Trainee: 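First the structure, which I've put down as structure tokens, then a few questions once you've had a look.
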Amino acid sequence: SGVISSSETEDLDWINNWKKYFSSFTIGDILIKPTWEEVKPEDADKFMIEIDPGISFGTGKHETTQLCIKQLIKYIEGAKEAPTVLDVGCGSGILSIVSLLYGAKFVTETDIDRLCKEAVSENFLNNKLDESLTKLYIGDLTSDKTLQDQIGHGCYDVVCANILADIL
């Protein structure tokens with residue numbers, strides 16, 4: 001048998017309430033800092049990336065994101081020429097930002113969530129990056145043939161996809 005019940009939840013600002021759980025952290029010499037925090041004196045010498053994911057994914061705290069960041073740095077800094085990058089499931093744009101700050105010449109981004117566009121744009125602005133260095137496509141890259149053709153085939157030096165394993 002099914003039981004239906006109702007109750008009232010506390011009226012909280014759920015859109016902003018999560019921010020108290022996201023604070024600055026480092027990945028090697030990189031300081032990833034929320035836009036609403038000040039830089040601590042002991043972090044002043046670090047390479048800084050400012051992120052506000054908004055309602056998109058991508059604070060950089062997840063282990064898979066940190067592994068992607070380390071590999072991006074390795075392959076971009078080690079490249080003979082500035083590489084082109086494809087960021088599949090770009091979310092907040094954090095991997096695109098890392099790519100450009102470490103020397104990529106252009107990043108193509110994709111995501112299925114239209115709401116990521118605002119977060120990516122704001123995060124590029126926060127990190128003083130020119131949006132002409134990137135192009136964002138919204139859609140399902142796994143099934144949309146037109147989107148696949150727009151993005152291109154076999155034309156990227158580095159591809160990152162910090163998304164669900166079953167989709168990969």
Side-chain angles (χ1 to χ4, degrees), residues 14-16 18-19 21-22 24-25 27-28 30-37 47-79 81-168:
W14 296 108
I15 296 292
N16 290 304
W18 64 273
K19 290 180 178 181
Y21 302 105
F22 177 38
S24 296
F25 65 100
I27 301 172
I30 303 172
L31 172 68
I32 298 183
K33 183 187 85 57
T35 55
W36 56 88
E37 272 189 11
F47 187 86
M48 185 178 66
I49 297 175
E50 286 195 294
I51 291 293
D52 184 347
I55 56 175
S56 295
F57 289 100
T59 61
K61 274 209 163 183
H62 195 271
E63 290 82 0
T64 60
T65 310
Q66 293 183 29
L67 289 169
C68 286
I69 287 170
K70 289 175 184 177
Q71 293 303 304
L72 280 169
I73 293 168
K74 174 183 170 182
Y75 287 102
I76 291 171
E77 283 191 328
E81 294 181 27
T84 56
V85 175
L86 174 62
D87 182 357
V88 180
C90 65
S92 67
I94 189 168
L95 297 179
S96 299
I97 290 166
V98 167
S99 297
L100 290 168
L101 290 175
Y102 275 86
K105 67 179 165 190
F106 191 84
V107 179
T108 301
E109 302 166 308
T110 70
D111 207 293
I112 58 172
D113 184 359
R114 292 190 180 286
L115 299 175
C116 79
K117 190 171 184 84
E118 184 178 333
V120 168
S121 195
E122 286 179 16
N123 286 322
F124 266 65
L125 183 64
N126 290 335
N127 289 281
K128 298 170 184 56
L129 288 170
D130 184 349
E131 282 191 80
S132 70
L133 299 173
T134 187
K135 178 138 177 79
L136 172 60
Y137 294 88
I138 303 296
D140 187 345
L141 190 56
T142 63
S143 62
D144 186 336
K145 176 75 171 122
T146 303
L147 181 60
Q148 293 168 5
D149 291 340
Q150 285 177 314
I151 289 171
H153 302 274
C155 55
Y156 298 96
D157 300 308
V158 178
V159 177
C160 56
N162 186 23
I163 57 177
L164 297 173
D166 61 327
I167 296 171
L168 290 173

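The model shown is predicted, which means the values in this text are computed figures rather than measured ones.
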Trainee: Just checking K70: does its NZ atom have more than 12 heavy atoms from other residues, nucleotides or ligands closer to it than 6.0 angstrom?
Mentor: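 Result for NZ/K70: open.
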Trainee: Would you mind writing out the side-chain donor-acceptor pairs for residues 98-106 within the sub-3.5 Å range, not counting sequence neighbours?
Mentor:
unit_1	atom_1	unit_2	atom_2	d
S99	OG	L95	O	2.8

Trainee: Looking at residues at least two apart in the chain, or sitting in another chain, which of them share a ring pair (Phe, Tyr, Trp, His ring centres under 6.0 Å) with Y137?
Mentor: none
Trainee: Using modelled atom types only, decide if a donor and an acceptor are shared between the side chain of D87 and the backbone of E109 within a distance under 3.5 Å.
Mentor: no
Trainee: Rounded to the nearest 0.5 Å, what's the gap from CD on E50 to NZ on K33? Could you check?
Mentor: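 Between atom CD of E50 and atom NZ of K33 there are 3.5 Å.
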Trainee: Hey, is the main chain of K135 close enough, under 3.5 Å, to the side chain of T108 for a donor-acceptor pair?
Mentor: no
Trainee: Testing N123, L31, I30 one by one against I49 for a side chain to side chain contact (heavy atoms under 4.5 Å, CB included), which residue passes?
Mentor: I30
Trainee: Does a side chain donor of either N162 or T65 reach within less than 3.5 Å of an acceptor in the other side chain?
Mentor: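 Checked: N162/T65 side chains pair up, N/O donor to acceptor below 3.5 Å.
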Trainee: Looking only at the side chains, is there a donor atom on one of E37 and S24 sitting less than 3.5 Å from an acceptor on the other?
Mentor: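 Indeed, the side chains of E37 and S24 share at least one donor-acceptor pair under 3.5 Å.
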Trainee: Sequence neighbours excluded, which residues qualify as ring pair (Phe, Tyr, Trp, His ring centres under 6.0 Å) partners of Y75?
Mentor: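 Y75: no ring pair (Phe, Tyr, Trp, His ring centres under 6.0 Å) contacts found.
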Trainee: Is a side-chain donor or acceptor of D144 paired with a backbone partner of L147 at a separation under 3.5 angstrom?
Mentor: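 Flag set: sc D144 to bb L147 pair under 3.5 Å.
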Trainee: Would you check if the side chain of D157 reaches a backbone N or O of T84 as a donor-acceptor pair within less than 3.5 Å?
Mentor: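 Yes; at least one donor-acceptor contact below 3.5 Å.
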Trainee: Could you check whether atom CD of E131 has more than 12 heavy atoms from other residues, nucleotides or ligands sitting under 6.0 Å from it?
Mentor: yes
